[in-house]
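Okay, so here's the structure we're looking at.
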Amino acid sequence: MKIEVVRKVLEKNDQAAQQNRRRLDELGITCFNILGGAGSGKTSLLEALLPRLKNKYCVAVLEGDLATTRDAERIAALDVPVVQILTDGGCHLNATLVQQGLSRLELVGLNLLFVENVGNPICPANFDLGEHRRIVVLSVAEGDDKPSKYPLLFKDADLIVISKCDLLEHTRFNLSAALRDIRCVNSQARVIQTDTKTLRGIDELSQWVSAEPLLGKD
Ligand code: MG
Ligand code: ZN
């Protein structure tokens, strides 16, 4: 009977995720769910990326965190609409929380929505939020063993960003080993190497985002 309860939780999430996706589709909004461990550089990546996108598109961000509005403040400083979702200790976002976040945003006219998940390489991967594309961020500071150790995180990614590449020479991160292990769990995802100091890879990232099908509609 306990298994029944667990299944209902997931079904409820999947229903809310479908509702989110349908609503976003109707509004012509492409949604990206950004996942990665704490400190992998998700917010820094958005800080580098958003200035390139916001002249071309109407962009907004949902920030998921356990506590504080620090990440939302960094996004708001770029003059991009942002809502902070606080999970109050919860270790992942779910589709219902995203639904509540959506209700606080002006959605009409929006083209792009980024959802920064709670920094955690484990359970966020199990929750469909209603996104169209999944971006996983892996920093070289975390180690090249992460694709093998957290395969679920990488398995369903559409894009894998290897971040903080400016630190490569200071770490034992083996890039070819990481790329090989990524391919073992995900043969399709695009992989882009970035660093937010020299802005390496940020144009490539911006082009990948801009190539999404919903954006070409109007
Ligand atoms: Mg962050
Ligand atoms: Zn969790």
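As the structure lists them, so they are numbered: ligands from 1, and atoms in each ligand from 1. Numbers for residues simply follow the sequence, beginning at 1.
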Which atom of His92 is nearest the Zn ion (ligand 2), counting N, O or S only? It is ND1
Item to check | Pair His132-Asp25, side-chain donor/acceptor within less than 3.5 Å | outcome: yes
Taking the Zn ion (ligand 2) as the apex, Cys91 SG and Cys123 SG span an angle, rounded to 10°, of 110°
- Item | Electrostatic pair Asp203-Arg52, nearest N-O below 4.0 angstrom | yes
Checking distances from the Mg ion (ligand 1), one finds that the N, O or S atom of Asp71 closest to it is OD2
Please walk me through it: do Arg190 and Glu204 pass salt bridge (charged side-chain N to carboxylate O under 4.0 Å, His left out)? CA-CA 11 Å; Arg190 174 84 174 268; Glu204 203 182 337; 3.1 Å; yes
Restricting Glu116 to its N/O/S atoms, the closest one to the Mg ion (ligand 1) is OE2
| Has Asn55 got more than 12 heavy atoms of other residues, nucleotides or ligands less than 6.0 Å from its CG? | yes
> Hey, is the Mg ion (ligand 1) within less than 2.8 Å of some N/O/S atom on Thr43?
Replying inline: yes
Checklist line | Donor on one side chain, acceptor on other, Gln100 and Ser103, under 3.5 Å | finding: no
